[in-house]
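Since the structure comes first, as structure tokens, the remarks are kept for the end.
Remember, it's a predicted structure, so these values are computed and weren't measured experimentally.
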Amino acid sequence: MLETLTKLLKDLQNSNEESKIVTKASAMKDIKRRMEKDVNEVTKVARLTKSKLQQLNKENLANREKPVFHKGSSVDRSRTSVTITLTMRLRERISEFQTLREAIQTEYREVVERRVFTVTGERADEETIDKLIETGDSEQIFQRAIQEQGRGRVLDTLQEIQERHDTVKEIETKLLELQQDFPRLVGTG
């Protein structure tokens with residue numbers, strides 16, 4: 001399961017890299033679908049892994065009730081060590097997904113800033129960028145650009161930004177849920 005999480009992390013990282021060069025909304029939608037599928041799989045596998053680790057912890061405690069495998073016995077130490085190691089590896093993986101989520105947020109902000117500059121010819125202030133990211137509503141800032149540059153180019157850019165916004169918000173939400181769900185992992189011992 002940990003190997004599956006590692007593979008899914010790499011797939012998401014690759015999709016994120018691919019999304020950086022996409023300028024068409026349709027291509028972004030394809031990437032979004034792949035990323036959503038991968039994130040859903042990550043959530044499923046991570047929760048299953050967490051559940052299995054919790055079960056191992058319970059079994060470790062139950063095993064201690066047996067006279068030969070009392071607390072501190074070589075079998076108990078071995079079982080506990082394996083469970084702790086697996087828990088640490090899962091936490092590392094979850095942390096890597098958190099790092100990816102943060103990178104996606106930062107990169108998305110940079111994309112929105114660049115797109116606004118491309119369309120309007122002006123650098124937007126932090127508040128405007130925050131508002132565009134929060135709401136996904138870019139219409140106000142693009143009104144003037146549509147009048148000045150023509151509707152087609154601006155609407156293509158606007159559609160691509162909206163698709164990117166939807167993708168980032170969806171992926172961010174799911175990875176954040178995963179991050180928030182993880183601290184409830186039962187510790188060993």
Side-chain angles (χ1 to χ4, degrees), residues 1-22 28-112 126 130 133-136 163-189:
M1 285 186 266
L2 290 170
E3 288 176 15
T4 300
L5 287 175
T6 300
K7 181 194 176 306
L8 288 166
L9 176 63
K10 287 180 182 174
D11 290 348
L12 282 167
Q13 289 168 331
N14 290 337
S15 293
N16 183 50
E17 289 301 314
E18 185 181 344
S19 76
K20 292 177 187 180
I21 59 173
V22 167
M28 194 63 210
K29 282 182 185 181
D30 290 340
I31 293 170
K32 176 184 177 183
R33 277 191 285 274
R34 280 198 327 258
M35 290 180 86
E36 285 176 343
K37 180 180 159 277
D38 288 345
V39 169
N40 288 337
E41 186 67 17
V42 165
T43 301
K44 186 173 90 175
V45 172
R47 287 184 178 155
L48 180 60
T49 305
K50 175 183 168 183
S51 173
K52 288 191 180 269
L53 283 170
Q54 289 171 328
Q55 185 60 38
L56 276 174
N57 281 324
K58 288 177 186 174
E59 290 172 9
N60 288 350
L61 290 174
N63 201 49
R64 287 179 181 167
E65 301 300 317
K66 299 175 183 173
V68 201
F69 304 125
H70 60 84
K71 184 175 182 167
S73 69
S74 62
V75 170
D76 180 58
R77 288 190 317 267
S78 181
R79 288 177 64 109
T80 301
S81 175
V82 168
T83 306
I84 289 171
T85 300
L86 291 172
T87 301
M88 286 173 36
R89 287 182 59 200
L90 179 59
R91 285 191 175 152
E92 288 170 3
R93 217 51 79 245
I94 297 298
S95 177
E96 290 170 350
F97 282 106
Q98 172 67 15
T99 301
L100 176 61
R101 184 184 70 81
E102 291 167 357
I104 289 171
Q105 280 180 314
T106 299
E107 292 161 1
Y108 175 59
R109 179 176 193 81
E110 292 168 359
V111 166
V112 170
E126 294 293 315
D130 289 343
I133 289 171
E134 181 66 30
T135 65
E163 193 58 46
R164 192 175 296 272
H165 168 78
D166 293 346
T167 301
V168 168
K169 286 300 180 183
E170 181 71 25
I171 301 303
E172 178 183 355
T173 299
K174 289 181 179 184
L175 289 177
L176 189 57
E177 286 172 7
L178 179 66
Q179 180 74 20
Q180 291 170 346
D181 196 37
F182 189 79
R184 290 178 264 179
L185 182 64
V186 175
T188 56

About how many Å separate OG1 of Thr6 and CG of Asp11, when rounded to the nearest 0.5 Å? 11.0 Å
Looking at Glu177 and Lys174, is any side-chain nitrogen of the basic one under 4.0 Å from a carboxylate oxygen of the acidic one? no
Residues in side-chain contact (heavy atoms from CB on, under 4.5 Å) contact with Lys58, at least two apart in sequence or another chain: Gln55
Run the salt bridge (charged side-chain N to carboxylate O under 4.0 Å, His left out) test against Glu18 and tell me which residues pass, sequence neighbours left out. Arg34
For salt bridge (Lys or Arg N to Asp or Glu O under 4.0 Å), just list the numbers for Glu17 and Lys20, CA-CA rounded to whole Å, side-chain angles, deciding distance to a tenth of an Å, and then say yes or no. CA-CA 5 Å; Glu17 289 301 314; Lys20 292 177 187 180; 2.7 Å; yes
Non-hydrogen atoms of Ile94 and Ala46 that approach each other most closely: CD1-CB, 4.1 Å
Check ion pair Lys71-Glu65 (N to O, under 4.0 angstrom): no
Could you state the interatomic distance from CD1 (Ile84) to CG (Leu56), rounded to the nearest 0.5 Å? 12.0 Å
Could you walk me through whether Met35 and Thr167 pass side chain to side chain contact (heavy atoms under 4.5 Å, CB included), step by step? CA-CA 8 Å; Met35 290 180 86; Thr167 301; 4.2 Å; yes
Output the distance between atom CD1 (Ile31) and atom CD1 (Ile171), rounded to the nearest 0.5 Å. 11.0 Å
Working to the nearest 0.5 angstrom, can you tell me the gap between Leu5 CG and Glu92 CD? 12.5 Å
If you compare all heavy atoms of Met1 against all heavy atoms of Val45, which two are closest, and at what distance to 0.1 Å? O-CG1, 3.6 Å
Passes side chain to side chain contact (heavy atoms under 4.5 Å, CB included), Arg64 versus Thr80? Steps please. CA-CA 11 Å; Arg64 287 179 181 167; Thr80 301; 3.5 Å; yes
How far apart are the C-alpha atoms of Asp76 and Arg79, what are their side-chain angles, what is the distance that settles it, and do they pass the salt bridge (Lys or Arg N to Asp or Glu O under 4.0 Å) test? CA-CA 5 Å; Asp76 180 58; Arg79 288 177 64 109; over 6 Å; no
Would you please test Glu170 and Val39 for side chain to side chain contact (heavy atoms under 4.5 Å, CB included) and show each step? CA-CA 9 Å; Glu170 181 71 25; Val39 169; over 6 Å; no
Minimum heavy-atom separation for Val68 and Ser73, please, with both atom names. O-CB, 3.8 Å
Would you give the length of the straight line joining atom OG1 of Thr43 to atom CZ of Phe97, rounded to the nearest 0.5 angstrom? 8.5 Å
Scan side-chain atoms only and decide if Asn57 and Thr83 contain a donor-acceptor pair under the 3.5 Å cut-off. no
Roughly how far, to the nearest 0.5 Å, is NZ of Lys50 from CG of Leu178? 9.0 Å
Once side-chain contact (heavy atoms from CB on, under 4.5 Å) is applied, do any residues pair with Thr85, and if so which ones, sequence neighbours excluded? Ser81, Arg89
Distance-only, no hydrogens or angles: does the Ser15 side chain make a donor-acceptor pair with backbone N or O of Leu12 under 3.5 Å? no
Residues in side-chain contact (heavy atoms from CB on, under 4.5 Å) contact with Lys37, at least two apart in sequence or another chain: none
Heavy atoms only: give me the nearest Leu100-Gln13 pair and the separation to one decimal. CD1-CG, 4.0 Å
Between Glu36 and Arg33 (salt bridge meaning N to carboxylate O under 4.0 Å), is one present in this structure? no
All side-chain hydrogen bond (donor to acceptor under 3.5 Å, both in side chains) counterparts of Lys32, not counting sequence neighbours: none
Across all chains, not counting sequence neighbours, the salt bridge (charged side-chain N to carboxylate O under 4.0 Å, His left out) partners of Arg77 are none
How close do Thr173 and Lys169 get, counting heavy atoms only, and between which atoms? OG1-O, 2.7 Å
Do the side chains of Val22 and Asp30 get nearer than 4.5 Å, heavy atoms only? no
Non-hydrogen side-chain atoms of Glu96 and Arg101 separated by less than 4.5 Å: no
Do any N or O atoms from the side chain of Ser95 and from the backbone of Arg91 form a donor-acceptor pair under 3.5 angstrom? no
